[in-house]
Structures are given as C-alpha cells and as structure tokens.
Amino acid sequence: MYQKIDVGDTNQYSLYLDAPLNQLGEYLDEKYGAKAHYLIITNTLVADLYADSLLEGLTQFRTDLITVPDSEEEKSLARISKLTEQALSCRADRDTIVLALGGGVIGDLAGFFASVYMRGIRYIHIPTTFLAQIDSSIGSKVAVNHSSGKNLLGAFYAPQLVWTDFDTLKTLPWEELQNGLAETIKHSMVSDFTLFEFIEQHVKDIKELNYELIKEVALRSIAVKVKIVNQDVKEKGLRVLLNLGHSFGHALETDEKYQGITHGQGVSVGLVAASHIACGRGLLTEAQLNRIINLLNEFDLPTTIEHRNPQDLLQHMTADKKNKAGTKILVLPVGIGNVALVSDCEDNEIISAWKKVMK
Ligand SMILES: NC(=O)c1ccc[n+]([C@@H]2O[C@H](COP(=O)([O-])OP(=O)(O)OC[C@H]3O[C@@H](n4cnc5c(N)ncnc54)[C@H](O)[C@@H]3O)[C@@H](O)[C@H]2O)c1
C-alpha cells in the first residue's frame, strides 16, 4: 500500500509514494470517473520500458500516447509547439489530463505544456528517475530551455498529484542514480544530518543496488524537499537554500556547455567548493569538509576538476538567478545539516574556492 504525503498550500497536491504504475488507473477512476481523457507524454526509452505497465491500468479510459526523443534538447518551445499540434489531433481539450511519464526532462516539458495548453490543463507527474522522484517532481516548477539559458521559460504550476513507483529505479543506469545521489547528499547537508549519516552507513548497500535501501534513502530525501517546499511554495525565501552547491555547479555546467559534465557532477563539485568557503569562514570544520568529500567520493562523484580559468567560472556565476542587484548570493553549509544564505562573499574568496577544487 502506498504512502501519501501532502505538498503545498494554495494548490495542495499529494505524493503517492511506492505506488505501482499499473494501479494508477484504479485511483484515477475513483477521482475523475471513467470518461476522462488522458494524454501520456513520455520519451522513446521510457515508453519502451513502462508505457505498457501504465496502459494496463488505463484500459477503461480514452488515452493517447505521445513520445518525444530522449534528450534535454527537447525541453524547448519548438517541442511545445509540436506537442500542441499532436494534442489537437488527439482531440485533447480543457478536460484532458496530461500524464508526464519519465525523468526530470519529461516532467518539466509535459508540465510546462500542461501549464500553457488552452490556458492550462491538469497534469500528473509519474517520475521514473531517482532525481525526478526525490527532487524535480516535487515543488511545482515546470520549464523549458531557451538559447539564452536553461529553464528560462517556466512557471510554478502544481500537478494534480505525483505517482511514484520506486520499482522503475531498477532499470535506471548507475550514472543516473549517481546524479540523484548528489541531490540527496545536498538535501542531507541542507537540513538532515541523520540522512547524511544514514547514507554514510549504507554506501555499500547503495552501490550494490539494494533497492529497499535506495527506497529508504529516497523517502528520507523526499521528506526534506517537502518540508522546505511546504514552507516556501514560490521560492521567495527558505527554498533558495536547496540551491546549495548549485551556483558553482551551474557555472561548471555553463563552462562545459552542458556537454562534458552531468548536473549531478556539477552539484557534487559545487558542494565541495561551497564547503571550502564555509571552512574558511569557520562555518564548517576541516573534519566535516573531509567527511563531505569522502561521501561524494564513495559514489564516484567528482570533488575536483581539471585546471581551468577561475575568472571564467566566476563570470558564469554572475548570471545566477539568486543574485540580487549585482551582488552574488551564496548558500553555504553550516556544519552538516544546516545552511546559511550569505551576500558578502568577495570575488577573491570565490576564486580561492575554485582553485581549491582544481587538481
Ligand atoms: N522542475 C524542477 O524542480 C527540477 C529540479 C531538478 C532538475 N530539473 C530538471 O530535470 C532534468 C534532469 O532530470 P533527470 O536527471 O531525471 O534526467 P532525464 O529526464 O534526462 O533522465 C535521465 C535518463 O534516464 C532515462 N530514464 C528515465 N527513467 C528511466 C528508468 N526508469 N529506467 C531507465 N532509464 C530511465 C531517460 O530516458 C534519460 O535518458 C533537467 O532538465 C533539469 O533541469 C527540474
């Protein structure tokens, strides 16, 4: 039997966790009746793996399945336009409900499509990557990319519900699990030291793909995200703290033009760079810094990078969405399990942190 957790305030919705894909139909029947029309948006890879299980439970409804290529590049206005044509030819109307089946890319794309199609129709997240389950499906942020920046066009648009089947993780490649683990370690550093310790104690189980254990880590990570989102639904304050490591990570991703480094790898190096600054300011001890580096290393997440020009990286950080009136705003760890927002970081302090993560 699944677990149910409520998220949000004005547009409250629920996460159904450990909920089998083929049982979603039963739930929808009760909630929306048999006449509803469902538009499943997924990608080619996930469709091959999971469309049948999902459709197995939806036989009583009118359904249409749209698959898009498996790529971050599909988070685009061009794809939104194509989806609009396809939805119209499926006779999707204002009562249609979108089912976003896939990882964070599909969740962001299908969620954004739902937010604008006919001025907004309902959608449901069915996250199938670790990252999407613990992070991107929670918090109502949907977006597509623009040539000028990632996630530049988007909205806060709450789903009707999130239906999370942890069994889908069993087909996920290790490097995708790694990406999500970087975010989980970040969640633990932001607000749950006991989660950090739990991950440390179970490194071996996680690496050996003990899925019961991985589920436990996911549930605890989800609890952190929900706790913070519930206190700051529109990211006006507290939720910014979830960006720990991201100012540095995004700078690296930009420097690599999103090719040579995954988001999780960028976050991993970013957590270490932010920790170096915190250490210099006495917010974190050397022992805590080493503990963070060791845990990331245990999962083969990078904690250093090849030498490059730190000025370029600093420059990329000026475009960070958290910055205000030209001042760089950084999230820094305070011990493990707590963070602070700081606005008085000098450029030379940031450059010195970049140098410390360079080989
Ligand atoms: N909206 C938010 O709050 C938020 C938060 C974090 C990240 N994001 C976005 O999420 C995206 C990254 O998400 P992601 O890491 O899930 O990447 P992704 O969606 O690209 O999925 C990663 C890979 O795993 C495959 N996959 C998905 N489920 C699978 C499964 N069960 N088994 C095997 N393979 C599977 C996908 O086809 C893809 O190849 C980025 O676009 C990022 O901007 C959004």
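These numbers come from a predicted model, not from an experiment. Side chains included, hydrogens not; waters and symmetry mates left out as well; all remaining heavy atoms used. Both ligands and their constituent atoms are indexed starting at 1 by order of listing.
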Which of the numbered atoms in ligand 1 are under 4.0 angstrom from any heavy atom belonging to [X]?
| X | result |
| --- | --- |
| Gly103 | 16 (O), 19 (O) |
| Lys150 | 40 (C), 41 (O), 42 (C), 43 (O) |
| Asn43 | 36 (C), 37 (O) |
| Tyr50 | 31 (N) |
| Asp70 | 36 (C), 37 (O), 38 (C), 39 (O) |
| Leu49 | 32 (N), 33 (C) |

Check this for me, if you would: do [X] and [Y] make a salt bridge, where the nitrogen-to-carboxylate-oxygen distance has to be below 4.0 angstrom?
| X | Y | result |
| --- | --- | --- |
| Arg281 | Glu349 | yes |
| Lys150 | Glu72 | yes |
| Asp6 | Lys4 | yes |
| Arg79 | Glu73 | no |

Parallel, tilted or perpendicular: rings of Phe193 and Phe196 (30°, 60°): parallel

Which heavy atom of the protein is the closest neighbour of [atom], given with residue, atom name and distance?
| atom | value |
| --- | --- |
| atom 28 (N) of ligand 1 | Thr128 OG1, 2.8 Å |
| atom 21 (O) of ligand 1 | Thr129 CG2, 3.6 Å |
| atom 20 (O) of ligand 1 | Val105 CG2, 3.4 Å |
| atom 25 (C) of ligand 1 | Leu45 CD2, 4.2 Å |
| atom 4 (C) of ligand 1 | Ser136 CB, 3.2 Å |
| atom 32 (N) of ligand 1 | Thr171 OG1, 2.7 Å |
| atom 35 (C) of ligand 1 | Leu172 CD1, 3.6 Å |

[X] contact mode with ligand 1 (heavy-atom cut-off under 4.0 Å):
| X | value |
| --- | --- |
| Lys141 | both |
| Asn179 | neither |
| Glu72 | side chain |
| Ile138 | neither |

Stepwise side-chain hydrogen bond (donor to acceptor under 3.5 Å, both in side chains) test for Asp64 and His37: CA-CA 8 Å; Asp64 285 287; His37 171 229; 2.8 Å; yes

Cation-pi geometry met for Arg62 and Tyr38 (6.0 Å, 45°): no

Minimal non-hydrogen separation, Phe113 against Ala87, with atom names: CZ-CB, 3.7 Å

Shortest non-hydrogen contact from Gln133 toward Ile138: O-CD1, 3.6 Å

N or O pair under 3.5 Å between [X] and ligand 1:
| X | answer |
| --- | --- |
| Asp135 | no |
| Gly104 | yes |
| Thr168 | yes |

Worked check of side-chain hydrogen bond (donor to acceptor under 3.5 Å, both in side chains) between Thr164 and Tyr2: CA-CA 9 Å; Thr164 301; Tyr2 48 69; over 6 Å; no

Greater than 12 external heavy atoms within 6.0 Å of Glu26's CD: no

Exceeds 12 heavy-atom contacts within 6.0 angstrom, atom CD of Gln231: yes

Pair Tyr211 + Phe166: ring centers closer than 6.0 Å: no

Within the 6.0 Å centroid threshold, strictly below: His125 and Tyr123: yes

Any Lys170 heavy atom less than 4.0 Å to ligand 1: no

Phe130 heavy atom under 4.0 Å from ligand 1: no

Option with minimal heavy-atom separation from atom 44 (C) of ligand 1, where the choices are Asp108, Leu131, Asp48: Asp108

